Amino acid sequence: MRMSQLFGKTSKTEGADYKIASHRLLTQAGFIRESTAGRYYLLPLGLRVHDNIIKVVRKHMDAAGAQELVMPTLHPLELWQETNRTTTTGFELMKVADRRGAEFALGGTAEEMAVDLVRKFNISYKDLPFNIYQFSLKFRDEMRARGGLLRVREFVMKDAYSFGTEAQFKQTYQQMWDAYAAIFKELGLNTDVVAADNGYIGGEYCHEFVSESETGESRYFIDPASGYAAHEDVATFQIENKNVDEVLQEMKPVEAKRGTTMEDGVKLHDMPLWQQIKDVLYFDEATKRYVLAIIRGDFDVNETKLIQAAKAYDLRSATEEEIRDDLGSEPGFISPVAFAKKGKKSGHEVIIVTDRSLRTIRNAYGGANKKDADLLNINIDRDFKPDVEADIALAQPGMKSPDGGELIEKRGIEVGNIFQLGYHYSNLMNGAEYTDDSGKRQKYYMGCYGIGIGRTMAAIVEAHHDSKGIIWPEAIAPFKVYLARLGDEPQVVEAADNLYKDLTQKNVAVLYDDRDERPGGKFADADLMGIPYRLVVSERTISEDKFEVKARQSAQPQLVTKEEVIEILAPTSKGQV
RNA sequence: CGGGGUGUGGCGCAGUUGGCUAGCGCGCGGCGUUCGGGACGCCGAGGUCGGAGGUUCAAGUCCUCUCACCCCGACCA
């Protein structure tokens, strides 16, 4: 490609709104351009990188036995209704109607479509397992797009869906895990694989592939000693027993003129924070129930875990009015002891979820559902009974991992995800069945696997750049070589043109800078665009009948002959004729 | 959706308490001198001041509404 003809320009000035390195660099170097928030033009340079990433992903997916296909972008809305996802997705579903009024969802993920496709065939156990995937534009009406390509409203995702038996699934999941590890390694990303929450996708477990980065939105914990890694949503930790040997004391009400914070309680009673009971009241809009979370005072509630434990969907904090008028308690003085079973006015049911940490303390203290009144010596089972007992605590840095090491907090960009779906979709969708070896109909055991291509591109830039610009790993660079022609003397032009032709004929992707620019500008652009190798042709080099080569990251250029250039950039492997 | 902020040529900005043909730097076009880490001179093109309505003799500047975008939070590949 001749740079004089390349559409898209580099820019010397930085956009003021670009807070994130990848956003700024990709824009400045002419790879992307914003349309509106969260929607981007991929310019020729950007598309080349995007395509290269797709090639790497495809190679490893195919090697893992997955098969590529393409699904429609407009999904019949009935399919989403079949799985109740018109209301429960984490992202806003975008809808369109055709001229007859038939409604479609703009695809944001395609589990229903995959199942619908598969059930159109007569599948036998002999066909299992199989894994189908596509690269396609996904639409998500994100509440807030941000960070350039990191979080957008339209993006290409590789999404794969596996179908098989429960017994087969373990291997499929592992194959995808391994394929992902190989993909991100080839793309130059070091990823941590962390256990995470399935969220609206459904299923029981999943893993995120996270590229460590300060700009990332995922918070997770690792135990370097054991390799334990889990997203903050699901991270668990060991809890030490406190005063479990203490004799149970009689519960007694006391006056408590205090503020409403945990600290106020600690001060008033002069007792440790851990012995206080923390009560947090939520309301689930989906099931119209109150959820009272009870936890040891030195821990915080993890809402994701709470949602799982309470089988809730859409938790919000209860309002002061609800606490007082509907449930007859008092903000800051809530207690599980004799807590209302139902809202007086609303009739909404209350369920009490206690954290396992309550088993590590005795004779706890806390509110009494009345203003300025506390209870001492509260004990689980004797004084109140939980409806659900679970781990609903939020992990914090420094806590003890399940394997005994210390939890270290990290931040990263979630570039890929693998989900176990189990029977989630085959239970919800009719006919998601195959015929087993005894002729009986059986439900599919499924998984799904996503990689955001554009986000991966941004993550690579986040991981590979310096003060001058991007440093693309060779596997995905838009061009392998940047060829600068300095000067326009006929012999320089001829030498540069010839080198460009020769390399191109050997299938080396060359960006030939034939512009009438000064050397400084050309070098700055080459660095900004991050092309792995830089070649220079000038009077100085051709006077010695040589060319200058420099890798993007090395400081020292080398003067070499044309044969050496070709050997470096288009090596002929031994044995090849 | 909640909180904070910004909208003036492609990019970065200035524009005082309302006042004349709306400026500056970069970039862009032409000519000339230059040419190994973003040169210089001269000439030139390019702006419904986000949009609508209002106040006023007069609005980029004041008022109302609205839209877009950015940052922080709830959500994700």
Side-chain angles (χ1 to χ4, degrees), chain A residues 8-20 23-24 27-28 30 33-39 53 57 88-92 108-110 135-160 180 184 196-201 206 208-211 216-218 231 233 303-304 307 314-317 412-419 448-459 468-469 484-489 492 515-528 534 536-541 548 550 555 557:
Chain A
K9 283 176 187 292
T10 58
S11 168
K12 221 196 301 193
T13 43
E14 305 181 356
D17 282 340
Y18 308 142
K19 316 282 180 198
I20 291 173
H23 188 193
R24 177 173 61 80
T27 305
Q28 237 184 299
R33 190 75 184 213
E34 191 176 69
S35 164
T36 58
R39 302 181 204 279
I53 294 171
V57 173
T88 60
T89 45
F91 55 89
E92 285 297 305
T109 175
F135 293 95
S136 74
L137 209 48
K138 295 288 180 286
F139 296 84
R140 296 187 181 181
D141 197 2
E142 292 286 347
M143 306 189 198
R144 186 184 158 207
R146 85 183 94 183
L149 259 27
L150 285 178
R151 184 175 193 74
V152 296
R153 298 197 167 106
E154 281 186 37
F155 60 98
V156 173
M157 179 164 80
K158 183 283 300 173
D159 46 328
Y180 273 37
F184 293 119
D197 181 61
N198 288 48
Y200 67 86
I201 298 278
C206 72
E208 292 181 355
F209 284 69
V210 183
S211 173
E217 300 180 82
S218 279
H231 189 97
D233 289 346
E303 289 184 21
T304 303
I307 284 172
D314 188 14
L315 287 185
R316 62 160 172 84
S317 295
I413 302 166
E414 183 190 338
V415 287
N417 216 326
I418 55 179
F419 290 89
C448 74
Y449 320 88
I451 293 178
I453 306 299
R455 181 183 281 185
T456 298
M457 183 165 151
K468 292 175 176 173
R485 186 187 76 199
L486 304 188
D488 54 3
E489 297 79 2
V492 173
R515 297 174 304 166
D516 181 22
E517 274 291 322
R518 295 165 59 82
K522 292 194 173 184
F523 295 154
D525 278 347
D527 289 339
L528 182 60
R534 188 183 83 191
V536 176
V537 182
S538 68
E539 264 197 318
R540 194 192 286 181
T541 65
E548 183 186 294
K550 187 181 94 67

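Naming convention: chains lettered A, B, ... in sequence-line order (proteins, then strands); numbering from 1 in each chain. Just so you know, these numbers come straight off a predicted model, no measurement behind them.
- If you check every strand for non-hydrogen atoms under 4.0 Å, Glu34(A) touches sugar and phosphate atoms only.
- Rounded to whole Å, the separation between the C1' atoms of G73(B) and C11(B) comes to 31 Å.
- In this structure, the CE atom of Met157(A) is 10 Å from the C1' atom of C76(B), given to the nearest Å.
- With RNA chain B read from its 5' end, the first of the two nearest nucleotides for Gly148(A) and Gly487(A) is the one closest to Gly487(A).
- The nucleotide C24(B) finds its pairing partner in G12(B), both defining distances of the Watson-Crick or G-U wobble pair being shorter than 3.5 Å.
- Comparing atom distances between the Arg518(A) side chain and each of C70(B), A39(B), C76(B) picks out A39(B) as nearest.
- In this structure, the CZ atom of Phe135(A) is 16 Å from the P atom of A77(B), given to the nearest Å.
- A donor atom on one side chain and an acceptor atom on the other are not found under 3.5 Å apart for Asp197(A) and Thr304(A).
- In this entry U17(B) has no Watson-Crick or G-U wobble partner, no candidate having both defining distances under 3.5 Å.
- Here, C13(B) and G7(B) have their C1' atoms 13 Å apart, quoted to the whole Å.
- Of the candidate nucleotides G38(B), G36(B), C69(B), G36(B) has the atom nearest to the side chain of Leu486(A).
- If you take CE of Met143(A) and C1' of G73(B), they are 11 Å apart, rounded to a whole angstrom.
- The partner of C76(B) is absent, by the rule that a Watson-Crick or G-U pair needs both atom distances under 3.5 Å.
- Using N1 to N3 plus N6-O4 or O6-N4 for Watson-Crick, or N1-O2 and O6-N3 for G-U wobble, each under 3.5 Å, G7(B) pairs with C67(B).
- Checked against A77(B), C69(B), G73(B), the side chain of Val152(A) finds its nearest nucleotide in A77(B).
- Between the base of G37(B) and the side chain of Arg534(A) there is a donor-acceptor pair shorter than 3.5 Å.
- Side-chain atoms of Arg153(A) and Asp141(A), non-hydrogen and from C-beta on, do get closer than 4.5 Å to each other.
- Taking atom P in both U56(B) and U61(B), the straight-line distance is 16 Å, to the nearest Å.
- Comparing Ala145(A) and Val537(A) by the nucleotide of RNA chain B that holds the closest heavy atom to each, the one mapping nearer the 5' end is Val537(A).
- The nucleotide whose nearest atom lies closest to any side-chain atom of Thr541(A) is, among C76(B), A77(B), G36(B), G36(B).
- With 3.5 Å as the limit, one finds a donor-acceptor pair spanning the side chains of Lys138(A) and Ser136(A).
- Using a 4.0 Å heavy-atom distance criterion, Phe419(A) is classed as a sugar-phosphate-only contact.
- Residue contacts shown for Glu548(A) include a base, since a base heavy atom lies under 4.0 Å away.
- Note on Ala37(A): only backbone sugar-phosphate atoms sit closer than 4.0 angstrom, heavy atoms only; bases stay farther off.
- Comparing the same atom, P, in A74(B) and in G51(B) gives a spacing of 35 Å after rounding to whole Å.
- Gly521(A) comes within 4.0 angstrom of a nucleotide base, judged by non-hydrogen atoms across all strands.
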**Item:** Per-nucleotide protein contact string for nucleotides 23-32 of chain B (B base, S sugar-phosphate only, - none; heavy atom under 4.0 Å)
**Value:** ---SS-----
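- Looking at Lys522(A), its side chain does come within 3.5 Å of a backbone N or O of Arg485(A) through a donor-acceptor pair.
- Here Thr456(A) lies out of heavy-atom contact (under 4.0 Å) with every strand.
- By the 4.5 Å heavy-atom criterion applied to side chains, Thr109(A) and Arg140(A) are counted as neighbours.
- If you measure from atom NE2 of His23(A) to atom P of C69(B), you get 12 Å, rounded to the nearest angstrom.
- The C1' atoms of G5(B) and A22(B) are separated by 25 Å, rounded to the nearest whole Å.
- Shown here, C62(B) forms a base pair with G54(B); the pair counts as Watson-Crick or G-U wobble because both key distances fall under 3.5 Å.
- Arg146(A) contributes no side-chain N or O that forms a donor-acceptor pair with the base of C70(B) under 3.5 Å.
- Side-chain nitrogen and oxygen atoms of Arg140(A) include none within less than 4.0 Å of the OP1 or OP2 phosphate oxygen of C76(B).
- To the nearest angstrom, P of A77(B) lies 11 Å from NZ of Lys158(A).
- Each of C70(B), C76(B), G36(B) was ranked by its minimum atom distance to the side chain of Ser218(A); first place goes to C76(B).
- If you check C70(B), G36(B), G10(B) against the side chain of Arg540(A), the one that comes closest is G36(B).
- A distance-only check finds no donor-acceptor pair linking the side chain of Arg39(A) to the backbone of Glu154(A) [under 3.5 Å].
- Atom P of C20(B) sits at a distance of 15 Å from the matching atom of C62(B), rounded to the whole Å.
- The aromatic ring of Phe155(A) is stacked on the base of A77(B), with the two ring centres less than 5.5 Å apart and the planes inclined by under 30°.
- Out of C69(B), G73(B), C76(B), the shortest distance to the side chain of Arg455(A) is found at C76(B).
- Between the CG atom of Asp527(A) and the C1' atom of G37(B) there is a distance of 9 Å, rounded to whole Å.
- Using a 4.5 Å heavy-atom cutoff, the side chains of Phe155(A) and Leu149(A) are not in contact.
- Contact annotation: the side chain of His23(A) never approaches that of Arg146(A) to less than 4.5 Å [non-hydrogen atoms, C-beta and beyond].
- At least one side-chain heavy atom of Arg534(A) sits under 4.5 Å from a side-chain heavy atom of Glu548(A).
- The partner of G46(B) cannot be assigned: no Watson-Crick or G-U wobble pair with both contacts below 3.5 Å exists in any strand.
- Contacts of Gly416(A) with the nucleic acid, taken as non-hydrogen atoms under 4.0 Å apart, involve only primed sugar atoms and P, OP1 or OP2.
- Rounded to a whole Å, the CZ atom of Phe523(A) is 7 Å from the C1' atom of G37(B).
- Across the P atoms, G15(B) and U6(B) are found 13 Å apart, a figure rounded to whole Å.
- Contact check for Leu486(A) versus Val492(A): no side-chain heavy atoms found under the 4.5 Å cut-off.
- G27(B) and G4(B) are spaced 33 Å apart, taking the C1' atom of each and rounding to whole Å.
- Legend: residues meeting salt bridge (Lys or Arg N to Asp or Glu O under 4.0 Å) with Arg144(A), ordered by chain and number and at least two apart, are absent.
- Taking atom CG of Asp516(A) as the reference point, atom C1' of U33(B) lies 13 Å away to the nearest angstrom.
- A 3.5 Å limit on both hydrogen-bonding distances identifies U33(B) as the Watson-Crick or G-U partner of A39(B).
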